[in-house]
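Only one structure is covered here, and it is reproduced in the block below.
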Amino acid sequence: MRKILVTSALPYANGSIHLGHLVEYIQTDIWCRYQRMIANEIHYVCADDTHGTPVMLMAEKENITPEKLVELVHKEHSQDFNDFNVSFDNFYSTNSIENKELSESIYKKLANNNKIEKKEIEQFYDTEKEMFLPDRYIKGECPKCGAIDQYGDSCEECGSTYNPTDLIKAYSVISGTPPVKKKTEHYFFKLSECSDFLEEWTRSGTLQLEASNKLKEWFEAGLSDWDISRDAPYFGFEIPNAPGKFFYVWLDAPIGYMASFKKLADKKNLSFSEYWEEGSQTELIHFIGKDILYFHALFWPATLSFSGFRTPSKIYAHGFLTVNGEKMSKSRGTFVTARSYLDTIKNPDYLRYYYFSKLNDSMEDIDLNLEDFIVKVNSDLVGKFINIPSRTSGFIKKYFNNIIISTEEISIQDSKQIIDDLISIKEEVISLYEARLFSKLNRLLMSYTERVNEYVNRLEPWILAKNDAEHTSMSMLHQVCSTALQSFRVLSIYYSPVMPDLTSKIAEFYGESNYQSIEAIHKNIKNISDYKHLLTRLDKVSVDSMLRKNSI
RNA sequence: GGUGAUGUAGCUCAGUUGGUUAGAGCGCAGCAUUCAUAAUGCUGAGGUCGAGAGUUCAAGUCUCUCCAUCACCA
């Protein structure tokens with residue numbers, strides 16, 4: 001049995017969860033649920049990422065403390081994840097005592113290992129607001145093309161890059177006043193000394209090929225030291241023995257994975273060190289978006305390694321979500337929050353299925369085409385999948401008192417073959433889940449779904465039913481419908497990590513509780529309940545109203 | 001600007017190490033069927049595989065150039 005600690009990236013605590021976030025949580029959740037089904041010990045943790053300037057400023061704007069803001073957002077996020085059936089074992093916060101202690105202790109270990117250095121740097125300062133300004137809080141005119149309201153690092157109009165000092169008529173986004181340069185002392189993590197370790201680590205099979213290609217570029221450019229401190233005022237953890245200096249949010253964010261697990265371990269009596277000590281035999285797997293590869297594949301393993309902890313076993317990066325082929329956009333209404341999806345479309349399994357049908361192990365972006373979404377849900381799930389019990393269970397009820405023939409007792413050659421094949425693809429299903437080749441797996445499962453429908457068409461139970469002799473137990477009619485229903489059950493078990501709500505209703509239909517093990521495919525089922533519609537069609541009206549809700 | 005990726009039927013995507021007439025699902029057309037929420041099955045139309053050049057007996061698959069889209073640049 002493998003012991004695996006899995007994480008999804010921490011959502012930032014200044015906004016709502018949206019469909020883009022959900023790609024990752026759904027991908028990770030499906031993978032975790034699959035691991036549970038094959039009886040591995042798995043712990044899935046996450047947390048809100050709470051620190052930094054944006055949260056601080058937002059709280060100020062809303063006239064509440066950052067702690068209060070973070071608490072409110074945490075409540076909202078937890079509810080969203082819960083309603084999308086994201087099965088975290090712990091969803092915590094980086095603003096926690098565990099995280100504070102771990103961050104401090106890791107920092108001290110890095111300092112003891114001579115990996116921390118103080119340097120004086122110059123930064124922009126807002127004299128009215130009395131705070132140092134991160135680059136993205138400085139705007140001005142592009143020095144190359146003169147476009148107004150461009151950020152301090154690059155121009156969105158002409159694409160040129162430059163330093164904030166190059167901006168014309170620079171101003172602070174917070175107060176509007178022109179920023180001035182001011183000296184300040186910062187703490188740096190000496191990442192430049194970690195190149196050898198990191199080059200080796202990134203080549204040790206922990207990354208996807210695309211990701212390590214990407215990293216090669218950074219190594220070639222040479223690694224610079226990493227500024228891990230920020231000046232007050234800042235919402236975060238104060239650096240030990242450095243009054244007025246705080247840990248940069250990206251230092252304590254990944255440590256939040258540890259902290260969340262620490263909390264879980266305390267609660268469930270698990271061994272924290274078994275999972276985190278150097279040389280740990282357990283697996284540590286991070287699911288992330290490709291945008292934060294830098295932090296997870298460079299800073300994070302270096303931080304861990306030079307503070308005496310184990311490093312991640314795998315980093316699984318995925319691409320971004322586009323909607324209707326374009327970047328999510330508030331004005332087009334495609335910046336869809338998790339909540340508005342739930343309010344209008346209701347069923348999380350639709351989205352889970354759609355993402356499942358498109359995800360694979362690469363860093364490519366995936367597109368949520370809303371028309372395709374409607375059509376795919378309706379034809380795959382309602383038209384083909386749910387159609388199987390819908391078209392056969394009536395006969396079982398009417399003529400056989402809801403009793404179906406168990407798999408072993410089915411004797412027609414055709415029928416036997418279908419079920420045997422379905423059982424025999426178990427290993428293939430497992431390996432596709434394991435490799436995160438979800439779209440490929442879906443094609444496999446859908447091809448079986450089609451095969452069952454084809455089979456029913458060919459054997460024509462509705463014709464058989466006209467003959468009274470068929471109304472006795474073990475008749476052809478009984479066999480055909482039983483085959484369809486037994487096959488459907490196996491398919492449902494395979495699909496259960498994807499659609500937990502739907503498949504738990506299906507389990508009920510067979511008089512079972514939720515499918516917790518893939519071995520359930522071998523169980524002998526003899527009874528069904530009366531069939532009730534398991535799924536309704538998705539209509540364009542609800543998708544449209546979802547878009548309207550998100551339009552501004 | 002630099003770097004990494006992507007570009008295959010109307011839509012969403014498969015296409016192992018280059019090898020016979022390029023595939024699937026949906027959509028569309030026709031037929032069959034009526035058990036099923038007009039669901040299902042069969043048949044068919046539809047692609048010069050972003051453009052151009054090259055390597056090769058043979059390229060969607062390798063090389064180069066260009067175009068378009070996306071991301072990253074700490």
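Here is the naming used below: chain letters follow the sequence lines, and residue numbers restart at 1 for every chain.
- Ring-centre distance between A:Phe299 and A:Trp226: below the 6.0 Å cut-off.
- In summary, A:Lys115 and A:Glu193 engage in a salt bridge, as defined by a charged side-chain N under 4.0 Å from a carboxylate O.
- Among the nucleotides B:U40, B:U12, B:G41, the one closest to the side chain of A:Arg391 is B:U40.
- B:A58 makes up no base pair with any nucleotide shown, lacking Watson-Crick or G-U wobble contacts both under 3.5 Å.
- A:Glu371 comes within contact range of no nucleotide atom at all, as no heavy-atom separation falls under 4.0 Å.
- Nucleotides B:A51 and B:A45 have their P atoms positioned 23 Å apart, rounded to a whole Å.
- Residue A:Ser379 is classed as a sugar-phosphate contact, given heavy-atom separations below 4.0 Å to backbone atoms only.
- When both distances must be under 3.5 Å, the Watson-Crick or G-U wobble mate of B:U17 does not exist.
- The C1' atoms of B:G4 and B:C42 are separated by 46 Å, rounded to the nearest whole Å.
- Across the strands present, B:A51 finds its partner in B:U65; the criterion is a Watson-Crick or G-U wobble pair with both atom distances under 3.5 angstrom.
- Looking at heavy-atom distances under 4.0 Å, A:Asn453 makes contact with sugar-phosphate atoms alone, never a base.
- Taking the C1' atoms as reference points, B:G60 lies 39 Å from B:U33, given to the whole Å.
- Remark: A:Asp365 engages A:Lys290 in a salt bridge, criterion side-chain N to carboxylate O under 4.0 Å.
- Separating the C1' atom of B:U12 from that of B:C28 is a span of 16 Å, rounded to the nearest Å.
- Nearest nucleotide to the A:Glu364 side chain, out of B:U12, B:C26, B:U6: B:U6.
- A cation-pi arrangement, defined by a distance under 6.0 Å to the six-membered ring centre and an angle within 45 degrees of its axis, is present between A:Arg230 and A:Tyr248.
- Between B:C35, B:A71, B:G41, one nucleotide has an atom nearer to the side chain of A:Phe320 than all others, and that is B:A71.
- Atom-to-atom, CG of A:Asn360 to P of B:A5 comes out at 16 Å; the value is rounded to the nearest Å.
- Applying the 3.5 Å distance criterion, the base of B:U40 shares a donor-acceptor pair with the side chain of A:Asn457.
- Residue-level contact check: A:Asp539 touches neither bases nor backbone, having no heavy atom under 4.0 Å from any strand.
- Among the heavy atoms of the strands, none lies under 4.0 Å from A:Gly289.
- The side chain of A:Asn387 has B:A39 as its nearest neighbour among B:U33, B:C42, B:A39.
- In this structure, the nucleotide among B:G41, B:U33, B:A39 sitting nearest to the side chain of A:Glu454 is B:G41.
- Across all strands, A:Asp227 comes closer than 4.0 Å to no nucleic acid atom at all (heavy-atom distances).
- With A:Ser362 as the fixed residue, the side-chain contact (heavy atoms from CB on, under 4.5 Å) test singles out one of A:Ile366, A:Leu359, A:Asn360: A:Asn360.
- Atom-to-atom, CG of A:Asn324 to P of B:C70 comes out at 15 Å; the value is rounded to the nearest Å.
- Straight-line distance between the C1' atoms of B:C70 and B:A9: roughly 23 Å, to the nearest whole Å.
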Problem set entry | Intermediate values then yes/no, salt bridge (charged side-chain N to carboxylate O under 4.0 Å, His left out), A:Arg352 and A:Asp501 | CA-CA 11 Å; A:Arg352 293 178 63 107; A:Asp501 276 350; over 6 Å; no
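- In terms of position on RNA chain B, the residue among A:Ile463 and A:Thr449 whose nearest nucleotide sits closer to the 5' end is A:Ile463.
- As a whole-Å value, the separation of A:Arg537 CZ from B:A36 P is 15 Å.
- Across all strands, A:Lys384 comes closer than 4.0 Å only to sugar-phosphate atoms, never to a base (heavy-atom distances).
- When each of A:Gly383 and A:Thr392 is assigned the nucleotide of RNA chain B with its nearest heavy atom, A:Thr392 is the one assigned upstream, toward the 5' end.
- To the nearest whole angstrom, the two C1' atoms, one in B:C67 and one in B:G27, are 30 Å apart.
- Within the 4.0 Å cut-off from OP1 or OP2 of B:G25, not a single side-chain nitrogen or oxygen of A:Lys376 is found.
- Between A:Asn378 and the phosphate of B:A39, there is no side-chain N or O to OP1/OP2 separation shorter than 4.0 Å.
- Backbone-only contact: A:Arg443 has heavy atoms under 4.0 Å from sugar-phosphate atoms and none from a base.
- Taking atom C1' on both nucleotides, B:A59 is separated from B:A22 by 12 Å, rounded to a whole Å.
- A salt bridge links A:Lys181 with A:Glu122; the closest basic N to acidic carboxylate O contact falls under 4.0 Å.
- Figure legend. B:G2 is base-paired to B:C72; pairs are counted as Watson-Crick or G-U wobble with both atom distances under 3.5 Å.
- Under the Watson-Crick or G-U wobble criterion, with both distances below 3.5 Å, B:A9 is left unpaired in every strand shown.
- To the nearest angstrom, P of B:C73 lies 15 Å from CG of A:Leu191.
- Pairing for B:A22 is absent, judged as Watson-Crick or G-U wobble with the two contacts each under 3.5 Å.
- Comparing the same atom, C1', in B:G47 and in B:G54 gives a spacing of 24 Å after rounding to whole Å.
- Across all strands shown, A:Leu298 has no heavy atoms under 4.0 Å from either base or sugar-phosphate atoms.
- If you take NZ of A:Lys440 and C1' of B:U12, they are 18 Å apart, rounded to a whole angstrom.
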Exercise. Going through the distances and angles, do A:Tyr448 and A:Ser487 end up as a side chain to side chain contact (heavy atoms under 4.5 Å, CB included)?
Worked result: CA-CA 9 Å; A:Tyr448 273 90; A:Ser487 304; over 6 Å; no
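- Pairing for B:U33 is absent, judged as Watson-Crick or G-U wobble with the two contacts each under 3.5 Å.
- Under the Watson-Crick and G-U wobble criteria, each requiring two contacts below 3.5 Å, nucleotide B:G44 is paired to B:C28.
- Look at CD1 on A:Ile366: it is 16 Å from C1' on B:A5, rounded to the nearest Å.
- Between A:Asp367 atom CG and B:G7 atom P the separation is 14 Å, expressed in whole Å.
- When distances run from any side-chain atom of A:Lys290 to the nucleotides B:A71, B:C35, B:A39, the shortest one goes to B:A71.
- Between the A:Ser545 side chain and the A:Ser542 main chain, a donor and an acceptor come within less than 3.5 Å of each other.
- Between A:Phe488 atom CZ and B:A39 atom C1' the separation is 14 Å, expressed in whole Å.
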